[in-house]
Amino acid sequence: MCPAVASAATCSVANLTRCLDSVCAINVSSNPAARCQYCGTSSAGTPPTKTGMRSLSLGASARYTLSEDELEDAPTDPGQRYAWATAQCIKKIDGCTPDDVSDAYDELIEQSCRAAGVSAQLATTLSERAQTVSQSTCMTNIRACLVAANRCGPDYSACENDSDFDRFFAACSVEAAGCDDYVSDIRTDLIAARDSAIESADTMLATIVKNYQTARAQKLTSAQDGCKNDSARNACIETVCERNMPNKCGDGYESERASATQLCEFYDIACDLLD
C-alpha cells in the first residue's frame, strides 16, 4: 500500500469572491455599480461616501474578508485597487492565483459596469491593463516593489528565507500588470540578486569583525611593549613633569618627580594585569 499523498489546496471561489467583495463591492446592495466604481473603471464615477458601517454580502466572514483597518491601505484608483485586492486575497485564501481572481471576478465587474452604463469604457480599460510592457520595465517595477522597506528591504534582509521571498514576489508580480510573460525570468534574476546581497552582507560583517580583532590585537601588543622596561610608565612621568610641574622635575625638585611617579603608578597596575 502506498502512503496517501496530501492533495494541493484548491481555491475556494466562494471565499475568494467574498474577499474581493470586501474591497470592491462596498454597499453593493444599495449601489449596483459598486464593483465597477471601486475595481472597474473611473468612468463609472466615484463611489458614494460611506456612512456608518460598510455593508457586505450576506454570509461574509471576517476570516475571508478584509477589515476596515486593512482597507485604509487600498488604492482609490480602480485598476490599482483591483490589483491590490488580488494580491491581498490570494494571500488570505489558500490555493488561489491571479488567474482564479480573473476567472471569478472579471465577469462580476463587467456586470456591474453594464449596470452603470459604462461597459464600453470598461472593455477599453481591461484591454489597456492586458497590454504587455517591456521586460526591463517589468524588472524595474517588480524590483522596486520587492525591495520596499515593508517587504524584503533594500538589503533583502527580510527575505533570506525562500518562503518570505516568494510571498512578497507573488504580491509584487500581481501589481505589475502586463508582466506575466517575464515573471519566471525576473524571479530567477531577483533570487540571484538576493543571494548576492546576503552573501555580500555576510562578507562585510566578517571583514568588520576581522578588523576589530586585528585592532584589538595591535592595541594589546602595543600595551605589552609599553610594559617592557617600564617604558610606558617612564614616558608618562616625563609627560607629567613637562606639562604639569612648575619646575619640570628638574634637579633639586625631587618632590615633583615623586608626585609625577605616583600619578603614573596606574601603569604598574595595568602591566601586572597584562602579565
Side-chain angles (χ1 to χ4, degrees), residues 11 16 19-20 22-24 37-43 46 66-106 109 122 124-205:
C11 177
L16 180 62
C19 181
L20 294 167
S22 68
V23 183
C24 301
Q37 292 172 335
Y38 280 109
C39 295
T41 171
S42 57
S43 299
T46 303
L66 298 175
S67 66
E68 291 277 5
D69 289 340
E70 290 173 307
L71 287 179
E72 290 181 358
D73 295 328
T76 55
D77 175 79
Q80 295 177 7
R81 189 180 183 93
Y82 193 17
W84 182 86
T86 298
Q88 299 303 311
C89 290
I90 63 176
K91 287 190 294 185
K92 186 177 285 287
I93 312 299
D94 292 339
C96 294
T97 67
D99 287 340
D100 293 319
V101 172
S102 181
D103 292 343
Y105 215 72
D106 281 0
I109 294 178
L122 177 66
T124 301
T125 299
L126 293 178
S127 175
E128 290 174 351
R129 289 183 197 169
Q131 288 180 359
T132 302
V133 294
S134 69
Q135 183 168 355
S136 61
T137 298
C138 289
M139 169 63 92
T140 299
N141 293 339
I142 293 177
R143 181 195 290 117
C145 171
L146 192 67
V147 300
N150 61 336
R151 293 188 174 90
C152 290
D155 58 356
Y156 292 92
S157 58
C159 289
E160 289 192 45
N161 295 326
D162 287 343
S163 59
D164 293 327
F165 180 92
D166 289 341
R167 176 163 53 90
F168 290 129
F169 183 82
C172 291
S173 298
V174 170
E175 293 181 16
C179 296
D180 292 350
D181 293 343
Y182 311 126
V183 165
S184 179
D185 289 340
I186 291 174
R187 181 185 182 281
T188 299
D189 291 343
L190 290 179
I191 279 283
R194 187 273 312 261
D195 293 343
S196 177
I198 292 174
E199 182 180 356
S200 297
D202 290 341
T203 301
M204 182 178 295
L205 179 60

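The figures that follow rest on heavy atoms only: side chains count, while hydrogens, waters and symmetry mates do not.
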Visitor: Nearest 0.5 Å, what's the CG-CG distance between Asn141 and Leu146?
Guide: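 Answer for the CG-CG pair, Asn141 versus Leu146, is 12.5 Å.
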Visitor: State, without any angle test, whether Thr97 and Asp100 hold a side-chain donor-acceptor pair at a distance under 3.5 Å.
Guide: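 Yes, Asp100 and Thr97 have a side-chain donor paired with an acceptor closer than 3.5 Å.
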Visitor: When you compare the side chain of Ile109 with that of Cys24, does any pair of heavy atoms fall below 4.5 Å?
Guide: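 A side-chain contact is absent here, since even the closest heavy-atom pair is not under 4.5 Å.
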Visitor: Can you pull out every salt bridge (Lys or Arg N to Asp or Glu O under 4.0 Å) where at least one residue sits in residues 169-179? Sequence neighbours excluded, please.
Guide: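 Applying salt bridge (Lys or Arg N to Asp or Glu O under 4.0 Å) to every pair that reaches into residues 169-179, excluding sequence neighbours, yields Arg151-Glu175.
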Visitor: Heavy-atom distance under 4.5 Å between the side chains of Asp166 and Arg187, does that happen here?
Guide: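 Touching, per the 4.5 Å side-chain cut-off.
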Visitor: For residues Val174 and Ala83, report the shortest heavy-atom separation together with the two atoms involved.
Guide: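 Scanning both residues completely, I find the closest heavy atoms to be CG1-O, 3.6 Å.
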Visitor: Measuring from atom CD1 of Ile142 to atom CZ of Phe169, what distance do you get when rounded to the nearest 0.5 angstrom?
Guide: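 Between atom CD1 of Ile142 and atom CZ of Phe169 there are 5.0 Å.
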Visitor: Side chains of Ser157 and Asp155 only: does a donor on one sit below 3.5 Å from an acceptor on the other?
Guide: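 Result is yes, a qualifying pair exists.
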Visitor: Distance-only, no hydrogens or angles: does the Thr86 side chain make a donor-acceptor pair with backbone N or O of Tyr82 under 3.5 Å?
Guide: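 Present.
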Visitor: Find the distance between OG (Ser200) and CG (Asp195) and round it off to the nearest 0.5 Å.
Guide: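 Result: 10.5 Å between the selected atoms.
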Visitor: Looking only at atom types and distance, does a side-chain atom of Thr188 sit under 3.5 Å from a main-chain N or O of Ser184, one as donor and one as acceptor?
Guide: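 Side chain of Thr188 to backbone of Ser184, a donor-acceptor pair under 3.5 Å: yes, one is there.
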Visitor: Can you sort out the partners of Arg143 under salt bridge (Lys or Arg N to Asp or Glu O under 4.0 Å), two or more places apart, ordered by chain and number?
Guide: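 By the salt bridge (Lys or Arg N to Asp or Glu O under 4.0 Å) rule, Arg143 matches no residue at all.
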Visitor: Listed by chain and number, what are the salt bridge (Lys or Arg N to Asp or Glu O under 4.0 Å) partners of Asp164, not counting sequence neighbours?
Guide: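 Residues passing salt bridge (Lys or Arg N to Asp or Glu O under 4.0 Å) with Asp164: Arg167.
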Visitor: With Asp162, which residues qualify under salt bridge (Lys or Arg N to Asp or Glu O under 4.0 Å), at least two apart?
Guide: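 Asp162 satisfies salt bridge (Lys or Arg N to Asp or Glu O under 4.0 Å) with Arg194 only.
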Visitor: Would you compute the distance between atom SG of Cys19 and atom CD1 of Ile93 and round it to the nearest 0.5 angstrom?
Guide: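 Spacing of SG (Cys19) from CD1 (Ile93) equals 5.0 Å.
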Visitor: For the atom pair CE (Met139) and CG (Leu190), what is the distance rounded to the nearest 0.5 Å?
Guide: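 Atom-to-atom, Met139:CE and Leu190:CG are 4.5 Å apart.
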Visitor: Under the ring pair (Phe, Tyr, Trp, His ring centres under 6.0 Å) test, which residues partner Phe168, sequence neighbours left out?
Guide: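 For Phe168 there are no ring pair (Phe, Tyr, Trp, His ring centres under 6.0 Å) partners, ignoring immediate neighbours.
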Visitor: Under the salt bridge (Lys or Arg N to Asp or Glu O under 4.0 Å) rule, collect the residues that match up with Glu160, sequence neighbours excluded.
Guide: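 Per chain and number, Glu160 pairs via salt bridge (Lys or Arg N to Asp or Glu O under 4.0 Å) with no residue.
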Visitor: For a quick test of reading the model, state the closest non-hydrogen atom pair linking Thr46 to Gln37 and the distance between them.
Guide: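 Shortest heavy-atom separation between Thr46 and Gln37 comes out as O-NE2, 4.0 Å.
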Visitor: State, yes or no, whether a side-chain contact exists between Leu71 and Trp84 at a heavy-atom distance under 4.5 Å.
Guide: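 Leu71 reaches Trp84 side chain to side chain.
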Visitor: At their closest point, which heavy atom of Ile186 faces which heavy atom of Cys138, and how far apart are they?
Guide: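 Minimum heavy-atom contact is CD1-CB, 3.6 Å.
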Visitor: Where is the tightest heavy-atom contact between Cys96 and Ile90, given as atom of each residue plus distance?
Guide: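 Scanning both residues completely, I find the closest heavy atoms to be O-CB, 3.7 Å.
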Visitor: Quick check: closest heavy atoms across Ser42 and Pro78, and the distance to 0.1 Å?
Guide: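 Nearest heavy atoms, Ser42 then Pro78: N-CG, 3.6 Å.
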Visitor: Keeping the roles fixed (side chain from Arg81, backbone from Thr76), state whether a donor-acceptor pair exists under 3.5 Å.
Guide: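 Pair absent, no side-chain N/O of Arg81 close to backbone of Thr76.
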Visitor: With a 3.5 Å distance limit and no angle check, can you tell me whether Asp77 reaches the backbone of Gly79 through a side-chain donor-acceptor pair?
Guide: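 Confirmed, Asp77 side chain pairs with Gly79 backbone.
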Visitor: Going from OH on Tyr105 to CG on Leu16, what distance comes out if it is rounded to the nearest 0.5 angstrom?
Guide: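 Result: 9.5 Å between the selected atoms.
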